[in-house]
Amino acid sequence: MRALFASKPVQAEGGIARLPHGQINPRRGDVRIVVISDLNSQYGSTTYAPEVHRALAIIPDWQPQLVLCGGDMIAAQSKALSTDQVQQMWAAFDRTVATPLRQAQIPFGFTLGNHDASGFQTASGQYTFARDRDLARSYWQRSRQACGLNFVDAAHFPFYYTFQLKHLFCLVWDASTAQISRNQLDWVESSLAQAPPESVRLVIGHLPLYAVAEQKNKPGEVLHHAEALRSLLERHGVHTYISGHHHAYYPAEKGKLHLLYAGALGGGPRSLMGSTLAPYKSMSVVDIYLALRRTRTTTYNLATLEIVDHRTLPSQITGLNGTIYRQAD
């Protein structure tokens, strides 16, 4: 079995610690997680973009205790795809993403995206993409133990569940559509109320609360009732909400809640509203300081492996349902 965290930093120019693939190694917190999202390519694809392969090669360099994925691991959500095609996509994900992380003994937490298992329902309450949800459930139930997570509540896995890492409490909800169901919200209230009081709490879902990308600045591309959801999370002491879907990295805050918008690794990176920066693919290293209840996010442009300078990002973004502010460094 390959040893966990075998990579060692090397000293480069100016005393800066660079890792084996050349990326700068940030100062380490008590818990380190790597955040990735939106890995998929075109509908039905069983191959992944070069940046996905590059990310999987360098993730062990950072020695994370956990990898979190903001969803869209495969490219379903199309009636034109056969059952066999969807199963083949999950098999390709297993080969390309899940197996390297298992071999490196790095636990993997995730939320399901709309292209994985859309929760969209008809007026009669039927799932439009019920087959996608059934196949996602089947794959993840077989793979649950291999995720390496310390589950607190896995009764509704893989759609929504909780797990713990040291004093880090993670809640995953099903935000594959814009509507969080009432039953699920009752579960969220109960789960967060029972979280250890000393824990740093993260919530992970695919759709964000507020818009950051112009192409997604419309109803259905952000969660309904964002202010009420933010109030719920703040009331239960949630530190950060991690999301994907908009394919644009942005570290934000609103009220007492931090918001981490994960950039895309797969197809279609997007520009932020109010930014002249060209779209880029990215991944983030989040160092968590438990006693201080603080996080520090270091995000890398996958084309260059250089760190994204937060000062180049808009100081605030106003979308259809509110204004959010760039997180203070």
Side-chain angles (χ1 to χ4, degrees), residues 1-7 19-21 23 25-26 28-40 48-49 51-74 90 92-113 116 136 139-140 143-151 154 157-158 161-166 168-172 200 202-206 239-245 249 251 260-266 281-288 295-300 302 305:
M1 178 68 70
R2 177 173 149 198
L4 179 61
F5 308 154
S7 300
L19 294 169
H21 288 85
Q23 73 275 32
N25 189 26
R28 190 176 187 89
D30 301 308
V31 176
R32 171 170 285 184
I33 65 177
V34 169
V35 177
I36 58 177
S37 192
D38 297 274
L39 316 181
N40 55 1
Y48 286 86
E51 291 84 359
V52 175
H53 294 276
R54 189 178 201 189
L56 269 294
I58 66 178
I59 281 173
D61 291 352
W62 285 302
Q63 303 182 4
Q65 287 109 318
L66 174 68
V67 169
L68 287 178
C69 181
D72 279 0
M73 295 165 277
I74 68 167
W90 280 118
F93 168 82
D94 193 81
R95 289 192 304 272
T96 306
V97 180
T99 294
L101 293 176
R102 283 197 296 266
Q103 290 175 340
Q105 301 177 41
I106 303 173
F108 182 71
F110 63 92
T111 186
L112 291 169
D116 302 316
Y139 168 75
W140 284 110
S143 305
R144 186 172 78 173
Q145 185 173 355
C147 289
L149 301 174
N150 178 24
F151 289 103
F157 180 87
Y161 58 99
T162 55
F163 64 94
Q164 198 159 333
L165 174 65
K166 294 187 177 180
L168 182 67
F169 183 87
C170 298
L171 181 146
V172 176
V200 173
L202 306 181
V203 173
I204 307 99
H206 187 57
H239 185 281
T240 301
Y241 177 56
I242 298 172
S243 61
H245 192 59
Y249 166 65
L260 175 53
Y261 291 77
L265 273 183
K281 299 182 182 184
S282 66
M283 64 191 301
S284 298
V285 175
V286 181
D287 285 289
I288 302 170
T295 61
R296 188 185 68 255
T297 301
T298 309
T299 296
Y300 298 79
L302 259 294
L305 288 187

Sequence neighbours excluded, which residues qualify as side-chain hydrogen bond (donor to acceptor under 3.5 Å, both in side chains) partners of Tyr161?
->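 Tyr161 satisfies side-chain hydrogen bond (donor to acceptor under 3.5 Å, both in side chains) with no residue once adjacent residues are dropped.
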Minimum side-chain heavy-atom gap [X]-[Y] below 4.5 Å:
{"X": "Val35", "Y": "Tyr249", "result": "no"}
{"X": "Phe110", "Y": "Val97", "result": "no"}
{"X": "Gln164", "Y": "Leu149", "result": "no"}
{"X": "His239", "Y": "Thr295", "result": "yes"}
{"X": "Gln65", "Y": "Lys166", "result": "yes"}
{"X": "Asn150", "Y": "Leu165", "result": "no"}

Find the distance between [atom1] ([X]) and [atom2] ([Y]) and round it off to the nearest 0.5 Å.
{"X": "Thr96", "Y": "Ile74", "atom1": "OG1", "atom2": "CD1", "answer": "12.5 Å"}
{"X": "Leu19", "Y": "Ile58", "atom1": "CG", "atom2": "CD1", "answer": "9.0 Å"}
{"X": "Ser284", "Y": "Tyr261", "atom1": "OG", "atom2": "OH", "answer": "14.0 Å"}
{"X": "Gln23", "Y": "Leu302", "atom1": "CD", "atom2": "CG", "answer": "10.0 Å"}
{"X": "Cys170", "Y": "Leu68", "atom1": "SG", "atom2": "CG", "answer": "5.5 Å"}
{"X": "Ile33", "Y": "Leu168", "atom1": "CD1", "atom2": "CG", "answer": "6.5 Å"}

Does the pair Ile106 and Ile59 meet the rule for a side chain to side chain contact (heavy atoms under 4.5 Å, CB included), with working shown?
-> CA-CA 9 Å; Ile106 303 173; Ile59 281 173; 4.0 Å; yes
Between [X] and [Y], which heavy-atom pair has the shortest distance, and what is it?
{"X": "Ile204", "Y": "Tyr241", "result": "C-CE1, 3.9 Å"}
{"X": "Pro158", "Y": "Trp140", "result": "CB-CB, 3.7 Å"}
{"X": "Pro26", "Y": "Tyr300", "result": "CD-OH, 3.1 Å"}
{"X": "Leu265", "Y": "Val52", "result": "O-CG2, 3.8 Å"}
{"X": "Ser282", "Y": "Thr299", "result": "CB-CG2, 3.8 Å"}
{"X": "Phe157", "Y": "Cys147", "result": "CZ-SG, 4.4 Å"}

Just by modelled atom types, is the [Y] backbone N or O under 3.5 Å from a matching donor or acceptor in the [X] side chain?
{"X": "Asp116", "Y": "Asp72", "value": "yes"}
{"X": "Arg28", "Y": "Gln63", "value": "yes"}
{"X": "Thr99", "Y": "Asp94", "value": "yes"}
{"X": "His206", "Y": "Gly70", "value": "yes"}

Are any of the side-chain nitrogens in Arg32 or Asp287 under 4.0 Å away from the carboxylate oxygens of its partner?
->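 Salt bridge flag = yes for Asp287 with Arg32.
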NZ/NE/NH1/NH2 to OD/OE distance under 4.0 Å, Lys281 and Asp38 =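 The answer is no: the pair does not qualify as a salt bridge.
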Asp30 and Ile288: CA distance, side-chain angles, deciding distance, side chain to side chain contact (heavy atoms under 4.5 Å, CB included) verdict | CA-CA 6 Å; Asp30 301 308; Ile288 302 170; over 6 Å; no
Under the side chain to side chain contact (heavy atoms under 4.5 Å, CB included) criterion, do Met283 and Trp62 qualify, and how do the steps go?
-> CA-CA 12 Å; Met283 64 191 301; Trp62 285 302; 3.6 Å; yes
Kindly indicate, with the supporting measurements, whether the criterion side chain to side chain contact (heavy atoms under 4.5 Å, CB included) is fulfilled by Leu39 and Tyr48.
-> CA-CA 7 Å; Leu39 316 181; Tyr48 286 86; 4.0 Å; yes
